Amino acid sequence: MSILEVKNVGKRFGGLQALNNVNLSVQENSVHAIIGPNGAGKSTLLNCFVGKLIPDTGSVMFDGQSVLGRSPHEINQMGISRVFQTPEIFGDLTVLENMLIPCFAKRDGAFELNAIGSVMNQKDMLERAEEMLVDMNMADKRHMHAASMSRGDKRRLEIGMCLSQEPRLLLLDEPTAGMARADTNNTIDLLKQIKEERDITIAIIEHDMHVVFSLAERITVLAQGTPLVEDVPENIKGHPKVREAYLGESA
Amino acid sequence: MFGLETKDAKLLLLVVALTMLAPFLLNPFPVDSAMAQFNAGYPDLMQRFVIFGIFAIGFNILFGLTGYLSFGHAAFLGVGSYAAVWMFKLLSMNVLPAIVLAVITSGLFALLIGYISLRRSGIYFSILTLAFAQMMFALAYSVLTPITGGETGLQLALDDPRILGTSATAEGNIPVPGLFGLEMRDTTEVAMGVWSFTFNVGYYFSAVIMLLAFYLSIRIFRSPFGMMLRAIKSNQTRLNYTGLNTKPYTLAAFVISGMYAGLAGALMASMDPLAGAERMFWTASGEVVLMTILGGVGTLIGPVLGAGAIKYMENIISKINSEILHSWFAFLPDGFEDFIVAIIYPFVGKGWHLTLGIIFMLVVTFLPGGLVEGGQRIAKLFKGKKADANGPKGKTEPAE
Ligand SMILES: Nc1ncnc2c1ncn2[C@@H]1O[C@H](COP(=O)(O)OP(=O)(O)OP(=O)(O)O)[C@@H](O)[C@H]1O
Ligand SMILES: [Mg+2]
């Protein structure tokens, strides 16, 4: 069964057709990778899923419901979490607080006025956040200001923040860019582990083929706003069209 | 303690001590000394310290936590004052109903103005709030004269109904604001040797309200709501994509800070039962911005310090005139005395704004965290020295 159904999505920026008639179907509880050269429209496609952009044409259905026209927080409440290409975290807050906020959002919904009780008395929330920090291997950094961390750590924090919401669909936009090799492997292991432990669908954009082939069950290749092929990883590796899209660009 | 972390409880106790002992702390100089000039322990000024403290504490909940810079908060101060005076006119001279109505009314105004202004952020939000405040100021001055008293302001009269009180006292005067028989203007002077201290009911009443307001702001800062507000300041995008709707959060913060302003306005009217449109003028809105930044944006105690510093300068430095300056420097040779006085003169008296401006620029440039950061740096210096002093001692202890 597909959890995300994208039909005929098109998006134009001025004279540039960033997405052209994109059809995509992501199966529930699978890892689906979207790859393609720079500027192919991968991030633009994700933007259309989370309410950052509204496509000019086509439809995006999540679990049978259209996401178009909904605001980002509503889409998140439907069960879609996203990690951005450039880390989006709360730089002025501590790492622990960064982790607490998605936990509160998960429990309380879009708005809850609790202006009197102390955060420190929310034992269940603190426990959840601490657990997640341990999973992300950053418990020792809990009192650091998030802005002062390395790029790789920021990204791992953002992944942790999204995972702590237990989303049904997790969107990752180049999650391992800027990470040290060890952290990349760590992240792969974490995602695999999460995948085993609970029901989650992951759509991942990635340039690092090691990551793609370690995780993906299906791969869509996007070039110039159009999907070229969609297949299982084994068939993608040697596919002539893929070689052309990538090698043609890099040669 | 009181549901606070130890550090916050300590801060609260410190503020309790400072406000309760203010009549002593602010009058450190003997009455007849030349320095008596700098004594700030008279009721009028002490009341202003705490009332503007409340105003700034509330403003900081919006500006300090969410980063939304309102440039029209004086409007709520004015609304609070008008509402309180109307209660004195219609109901009774008891300050409690006046305060309650003022807080509710200013909250409603804040809800409306906030709802519209918060459709924009950044400079557009600031301009919208400024526009609303100026609009209210202009209306209060002109077409709303029947409600606001126009240019003369809203005053009490002998023929006000005061249905739960008396229109006039037995002596035929207008009654004064009070709390169950305790008049706000009641004052006791206590002379101790060469010193003199003034204890005023209005001050202590306002101080207790300020302590409650301060306590509430600590709770808000440490609450999940407060954390969300800081998250809004830090990264709205992330908050939206984390499933939180930032609008109701900012609006709630706006309304709460508007209610704080209304509370301050009501207390002003309780100390002196009249209200004028000038309380809503844009300079009044600017003043609370200065107070908050000077004291330390987003810190707990900063706004109170900033309010105190500005009100002190406004009332003390502005009173120094050239005669006083000459008397201070009389010991210098004549020509030199004139020279020194000529240099200092532009900074005192009416020139106190210049002093404030310079201090403000220095603080913003060198202490971006305001007076609070200054205090922290000094504390660090002391701690650093202590640690050094302890260091060698520690080493002389026998090793195990
Ligand atoms: N908001 C925007 N306004 C105008 N043009 C845009 C906008 N967002 C993306 N584009 C353009 O659309 C094209 C696709 O961009 P997109 O970011 O989706 O590429 P991508 O596949 O994610 O590339 P990369 O691998 O570099 O991240 C690019 O040419 C980009 O310049
Ligand atoms: Mg991209």
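In this text the structure is predicted, and so the values were computed from the model without any measurement. Naming convention: chains lettered A, B, ... in sequence-line order (proteins, then strands); numbering from 1 in each chain.
Between chain B and the residues A:I80, A:L93, A:I75, A:L100, the most heavy-atom pairs under 4.5 angstrom are made by A:L93. Most heavy-atom pairs under 4.5 Å with chain B: of the set A:P167, A:P72, A:A110, A:A147, this distinction falls to A:A110. Most heavy-atom pairs under 4.5 Å with chain B, from the set A:G117, A:G51, A:A105, A:A146: that is A:G117.
Of the atoms belonging to A:I89, it is backbone heavy atoms, and not side-chain ones, that fall under 4.5 Å from chain B. In this structure, chain A has heavy atoms under 4.5 Å from both the backbone and the side chain of B:L239. Contacts between A:M78 and chain B at a heavy-atom distance below 4.5 Å are absent for every atom of the residue. Heavy atoms of B:A231 lying under 4.5 Å from chain A belong to its backbone as well as its side chain.
Between the CZ atom of A:F90 and the CE atom of B:M228 there is a distance of 8.0 Å, given to the nearest 0.5 Å. Expressed to the nearest 0.5 Å, how far CZ of B:F225 lies from CZ of A:F111 amounts to 6.5 Å.
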Please report all inter-chain donor-acceptor pairs (under 3.5 Å) between chain A and chain B, with distances to 0.1 Å.
residue: A:H73; atom: N; partner: B:N240; partner atom: O; Å: 3.4
residue: A:N76; atom: OD1; partner: B:G243; partner atom: N; Å: 3.4
residue: A:N76; atom: ND2; partner: B:Y241; partner atom: O; Å: 2.8
residue: A:Q77; atom: NE2; partner: B:G243; partner atom: O; Å: 2.8
residue: A:R82; atom: O; partner: B:R238; partner atom: NH2; Å: 2.8
residue: A:E88; atom: O; partner: B:R238; partner atom: NE; Å: 2.8
residue: A:E88; atom: OE1; partner: B:N235; partner atom: ND2; Å: 2.8
residue: A:I89; atom: O; partner: B:N235; partner atom: ND2; Å: 3.0
residue: A:G91; atom: N; partner: B:S234; partner atom: OG; Å: 3.1
residue: A:D92; atom: N; partner: B:S234; partner atom: OG; Å: 3.2
residue: A:E97; atom: OE2; partner: B:R230; partner atom: NH1; Å: 3.4
residue: A:E97; atom: OE2; partner: B:R230; partner atom: NH2; Å: 2.7
residue: A:A110; atom: O; partner: B:N245; partner atom: N; Å: 3.0
residue: A:E112; atom: N; partner: B:Y249; partner atom: OH; Å: 3.2
residue: A:N114; atom: O; partner: B:S223; partner atom: OG; Å: 3.4
residue: A:N114; atom: O; partner: B:F225; partner atom: N; Å: 3.1
residue: A:A115; atom: O; partner: B:S223; partner atom: OG; Å: 3.4
residue: A:I116; atom: O; partner: B:R219; partner atom: NE; Å: 2.9
residue: A:I116; atom: O; partner: B:R219; partner atom: NH2; Å: 3.1
residue: A:V119; atom: N; partner: B:R222; partner atom: O; Å: 2.9
residue: A:E158; atom: OE2; partner: B:R238; partner atom: NH2; Å: 2.4
residue: A:Q165; atom: NE2; partner: B:T242; partner atom: O; Å: 3.0

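The environment of CD1 in A:I54 is sparse: at most 12 heavy-atom neighbours from other residues, nucleotides or ligands sit within 6.0 Å.
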